[in-house]
Amino acid sequence: MSERTDWPLWEVFVRARRGLSHTHAGSLHAPDAEFALRNARDLYTRRGEGVSIWVVPSAAVTASSPDEKDPFFAPAADKPYRHPTFYEIPDGVKHL
Amino acid sequence: MTALAGGAAGGTASAGAGAPGTAGAAGQAPDARTAAFDAAVAAEERIEPRDWMPDAYRATLVRQMAQHAHSEIIGMQPEANWITRAPSLRRKAILMAKVQDEAGHGLYLYSAAETLGTGRDELLDKLHAGRQKYSSIFNYPTLTWADVGAIGWLVDGAAITNQVPLCRCSYGPYARAMVRICKEESFHQRQGFELLMALSKGTPEQHAMAQDAVDRWWWPSLMMFGPPDDESAHSAQSMAWKIKRFSNDELRRRFVDICVPQAEALGLTLPDPDLRWNPDKGENGGHEHGPIDWAEFQAVLKGNGPCNEQRIAQRRAAHEEGAWVRDAAAAYAAKHAAGEHGKAEAA
């Protein structure tokens, strides 16, 4: 057996059709970006699921902490006035 | 903030383990972490790769996903056996697409397993060394072309019955991989049914070939759901963790009820003299089937099926004979990374 070649991991993002953003589809191993694109095409778009693919080295992604109660997101929780439903509008007023 | 260590496998950002010292689960007391995990599972929330989880939950998932991934790629062999002998270009193209799908399903599952910190290379090594299992169904031979149809109809049908509830599995990356797989499996089952239908309505010899294939694949397909509930080693814990949603016997019962009318539509019989409708079974009635030969199941599982050795030998050979391709691709990537342009001469 040959020496183990641990290919880097890539995250794959697929644009399903024009007008939509690229969405994360999954991940795969490939020796370089060019192969990652080809492998992503074979793995994630066998049935026309995409018109465009991005591949990004997984190691290049920076993530926030996993805890969903993370204080990182706390500033958004106590600002209901950022939502339109916060405001009282009299009945009958239209287009508002 | 931490860089991604593992694969994200069809989900939001994820990594192997949460970095020590970050706020949140990693800093909590063990009891609080367990309580948070249990609460998330109970609330039908998904567990994501960087969440804290019990070691046994992680180990169970790795074992199950690895076995599932191995089944997908070993499952390529019995059908690939017929690609060169498919009776028409149409059937050949369909079969190639199906076998390619199985490879894809294996890759989805290996990358889902990798989010738990166990890489594909390590899992393949364990498969090749016989330390991890794959579904025992793939240790039966494909003796005739009709077997391709029986596998699609029965084996993929049983797999779908098993896999649809896994789309709601508590572990996010596994559930997402299963959603993708289930979408694709539907074609697998329908092509098998259509193939058998063509044979069943063909010449008497073709009809007999279809019946023979169904006769051989029916019982092993029922065994795919695993041992009876009272003998299933991992079932209770997996149900509590919401990895598994329905018991082996429940899924098997559903499968039998689905297959009986389909067999009638095919004009084929199922090889079970005890198979009968029982109006008092369950809420709406159900089929009773004859006893399953669990001694055969255990024997095949232990390595004594018709094709165990052949399947692993072929898998190992494919891996070893493909080494030069992996080496060449790595050399090419290294050469380009070093800034040497021009056409690659594989080392």
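Below, chain A is the first sequence line, B the second, and so on; all start at residue 1.
For the atom pair OH of A:Y44 and CG of B:L107, the computed distance is 7.5 Å after rounding to the nearest 0.5 Å. To the nearest 0.5 Å, atom CG of residue A:L28 and atom OH of residue B:Y108 are 11.0 Å apart. One distance of note links CZ of B:R176 with NE2 of A:H24; it measures 8.5 Å at 0.5 Å rounding.
Atom CG of A:D78 has more than 12 neighbouring heavy atoms from other residues, nucleotides or ligands inside a 6.0 Å radius. Within a 6.0 Å sphere centred on CZ of B:R190, heavy atoms belonging to other residues, nucleotides or ligands number 12 at most.
Side chain of B:R180 to main chain of A:A25: a donor-acceptor pair is present (N/O by atom type, distance under 3.5 Å, no hydrogens or angles). Side chain of B:R50 to backbone of A:S64: a donor-acceptor contact under 3.5 angstrom is found.
Closest non-hydrogen pair, B:S111 versus A:S27, comes out as CB-OG, 3.6 Å.
A donor-acceptor contact closer than 3.5 angstrom is absent between the side chains of A:E34 and B:H336.
Classification of A:R47 and B:D101 as a salt-bridged pair holds, one side-chain N sitting under 4.0 Å from a carboxylate O.
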